[in-house]
Amino acid sequence: MIHITRRERFNAAHRLFKPEYSDEKNLQVFGKCSNPNWHGHNYELFVTVSGEIDPETGFLINLKGLSKLIRERIIEKIDHKNINLEVEFMKGRMASTENLAIAIWEQLEKPILALGSKLHCIKVYESENNYVEYFG
Ligand code: NI
(Lines give C-alpha, C1' and ligand atoms only; values in the text may rest on other atoms or scores of the structure.)
Protein backbone atom coordinates (compact mmCIF):
# COMPACT_ATOMS: atom_id res chain seq x y z
CA MET A 1 0.00 0.00 0.00
CA ILE A 2 1.32 3.41 -0.96
CA HIS A 3 -0.06 6.92 -0.78
CA ILE A 4 0.23 9.85 -3.13
CA THR A 5 -1.03 13.40 -2.66
CA ARG A 6 -2.05 16.09 -5.10
CA ARG A 7 -2.26 19.69 -3.92
CA GLU A 8 -4.62 22.23 -5.45
CA ARG A 9 -5.37 25.78 -4.36
CA PHE A 10 -8.45 27.94 -4.48
CA ASN A 11 -9.68 31.26 -3.14
CA ALA A 12 -13.19 31.57 -1.82
CA ALA A 13 -15.36 33.76 0.37
CA HIS A 14 -17.53 32.64 3.22
CA ARG A 15 -19.24 33.63 6.40
CA LEU A 16 -19.75 31.50 9.49
CA PHE A 17 -22.95 32.53 11.22
CA LYS A 18 -26.33 31.43 12.41
CA PRO A 19 -29.12 33.68 11.15
CA GLU A 20 -30.97 33.41 14.43
CA TYR A 21 -27.97 34.83 16.34
CA SER A 22 -27.27 38.56 16.71
CA ASP A 23 -24.11 39.91 15.07
CA GLU A 24 -22.59 40.11 18.56
CA LYS A 25 -23.34 36.48 19.34
CA ASN A 26 -22.08 35.37 15.92
CA LEU A 27 -18.84 37.25 16.57
CA GLN A 28 -18.55 35.61 19.97
CA VAL A 29 -19.10 32.08 18.59
CA PHE A 30 -17.47 32.27 15.15
CA GLY A 31 -14.91 35.05 15.58
CA LYS A 32 -13.71 37.04 12.59
CA CYS A 33 -15.21 34.45 10.22
CA SER A 34 -18.64 35.82 11.17
CA ASN A 35 -18.01 39.18 9.47
CA PRO A 36 -21.45 40.14 8.03
CA ASN A 37 -19.94 41.37 4.74
CA TRP A 38 -18.03 38.17 3.98
CA HIS A 39 -14.27 37.66 3.72
CA GLY A 40 -11.98 35.37 1.79
CA HIS A 41 -9.42 32.66 2.44
CA ASN A 42 -6.65 31.24 0.31
CA TYR A 43 -7.45 27.58 0.73
CA GLU A 44 -5.11 24.70 0.06
CA LEU A 45 -6.55 21.30 -0.70
CA PHE A 46 -4.53 18.08 -0.38
CA VAL A 47 -6.11 14.97 -1.86
CA THR A 48 -4.37 11.75 -0.82
CA VAL A 49 -5.16 8.46 -2.52
CA SER A 50 -3.92 4.98 -1.69
CA GLY A 51 -3.44 1.76 -3.57
CA GLU A 52 -0.89 -0.48 -5.15
CA ILE A 53 1.69 0.44 -7.77
CA ASP A 54 0.94 -0.58 -11.34
CA PRO A 55 4.03 -2.66 -12.25
CA GLU A 56 3.78 -1.52 -15.87
CA THR A 57 3.91 2.22 -15.18
CA GLY A 58 5.41 2.37 -11.70
CA PHE A 59 2.53 4.70 -10.83
CA LEU A 60 -0.15 4.45 -8.17
CA ILE A 61 -2.41 6.79 -10.12
CA ASN A 62 -2.01 9.04 -13.13
CA LEU A 63 -1.57 12.41 -11.38
CA LYS A 64 -2.67 14.30 -14.48
CA GLY A 65 -5.97 12.45 -14.35
CA LEU A 66 -6.33 13.06 -10.62
CA SER A 67 -5.59 16.75 -11.05
CA LYS A 68 -8.14 17.03 -13.86
CA LEU A 69 -10.74 15.32 -11.70
CA ILE A 70 -10.15 17.65 -8.74
CA ARG A 71 -10.31 20.68 -11.01
CA GLU A 72 -13.55 19.62 -12.67
CA ARG A 73 -15.34 18.44 -9.53
CA ILE A 74 -14.06 20.95 -6.99
CA ILE A 75 -11.86 23.84 -8.12
CA GLU A 76 -14.00 25.07 -11.02
CA LYS A 77 -17.04 25.05 -8.73
CA ILE A 78 -15.50 26.83 -5.75
CA ASP A 79 -12.59 29.01 -6.90
CA HIS A 80 -13.39 32.74 -6.59
CA LYS A 81 -16.88 31.88 -5.37
CA ASN A 82 -18.90 32.53 -2.26
CA ILE A 83 -19.14 29.19 -0.43
CA ASN A 84 -22.37 30.14 1.36
CA LEU A 85 -24.20 31.30 -1.77
CA GLU A 86 -22.71 29.77 -4.91
CA VAL A 87 -21.24 26.34 -4.23
CA GLU A 88 -23.76 23.60 -4.96
CA PHE A 89 -22.02 20.87 -2.92
CA MET A 90 -21.98 23.13 0.18
CA LYS A 91 -25.68 24.00 0.01
CA GLY A 92 -27.39 23.72 3.39
CA ARG A 93 -24.14 23.27 5.33
CA MET A 94 -22.28 25.66 7.59
CA ALA A 95 -19.33 26.95 5.53
CA SER A 96 -16.70 25.62 7.93
CA THR A 97 -13.47 23.97 6.89
CA GLU A 98 -14.67 20.76 8.56
CA ASN A 99 -17.80 20.65 6.40
CA LEU A 100 -15.80 21.62 3.34
CA ALA A 101 -13.48 18.63 3.83
CA ILE A 102 -16.44 16.25 4.17
CA ALA A 103 -18.24 17.70 1.14
CA ILE A 104 -15.08 17.45 -0.98
CA TRP A 105 -14.66 13.82 0.11
CA GLU A 106 -18.22 13.10 -1.03
CA GLN A 107 -17.56 14.70 -4.41
CA LEU A 108 -14.33 12.79 -5.05
CA GLU A 109 -14.73 9.36 -3.47
CA LYS A 110 -16.53 7.62 -6.35
CA PRO A 111 -14.69 9.27 -9.27
CA ILE A 112 -11.35 8.32 -7.68
CA LEU A 113 -12.55 4.72 -7.35
CA ALA A 114 -13.38 4.88 -11.06
CA LEU A 115 -9.74 5.86 -11.69
CA GLY A 116 -8.72 2.64 -9.90
CA SER A 117 -7.55 4.17 -6.60
CA LYS A 118 -9.01 4.70 -3.17
CA LEU A 119 -9.46 8.11 -1.57
CA HIS A 120 -7.49 8.12 1.69
CA CYS A 121 -7.59 11.67 3.04
CA ILE A 122 -8.91 15.13 2.28
CA LYS A 123 -6.87 17.84 3.96
CA VAL A 124 -8.00 21.45 3.73
CA TYR A 125 -5.95 24.39 4.95
CA GLU A 126 -8.04 27.47 5.64
CA SER A 127 -5.01 29.38 6.81
CA GLU A 128 -1.34 28.66 7.37
CA ASN A 129 -2.01 27.49 10.91
CA ASN A 130 -5.42 25.79 10.67
CA TYR A 131 -6.26 22.68 8.73
CA VAL A 132 -8.76 19.85 8.75
CA GLU A 133 -8.22 16.22 7.79
CA TYR A 134 -11.04 13.85 6.88
CA PHE A 135 -10.55 10.10 6.38
CA GLY A 136 -14.13 9.20 5.45
NI1 NI B 1 -13.23 32.64 7.52
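Please read these numbers as outputs of a predicted model, since none were measured by experiment. Atoms within each ligand, like the ligands themselves, are counted from 1 in listed order. Just so you know, these numbers use all the heavy atoms, side chains as well, and skip hydrogens, waters and symmetry mates.
- Under a cut-off of 6.0 angstrom, the local environment of CZ in Arg73 is sparse, with at most 12 non-hydrogen atoms contributed by other residues, nucleotides or ligands.
- The pair Glu88-Lys77 fails the salt-bridge criterion, with no side-chain N (NZ, NE, NH1 or NH2) lying under 4.0 Å from an Asp/Glu carboxylate O.
- With Asn26 contributing its side chain and Lys18 its backbone, the two residues share a donor-acceptor pair below 3.5 Å.
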Worked check of side chain to side chain contact (heavy atoms under 4.5 Å, CB included) between Thr48 and Ile4: CA-CA 5 Å; Thr48 302; Ile4 194 164; over 6 Å; no
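- Around the Ni ion (ligand 1), the protein atoms of type N, O or S that sit closer than 2.8 Å are His14 NE2, Cys33 SG, His39 NE2, His41 NE2.
- Counting only distance, with no hydrogens or angles, the side chain of Asn11 and the backbone of Asp79 share no donor-acceptor pair below 3.5 Å.
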Side chain to side chain contact (heavy atoms under 4.5 Å, CB included) assessment of Leu100 paired with Val132: CA-CA 9 Å; Leu100 201 50; Val132 166; over 6 Å; no
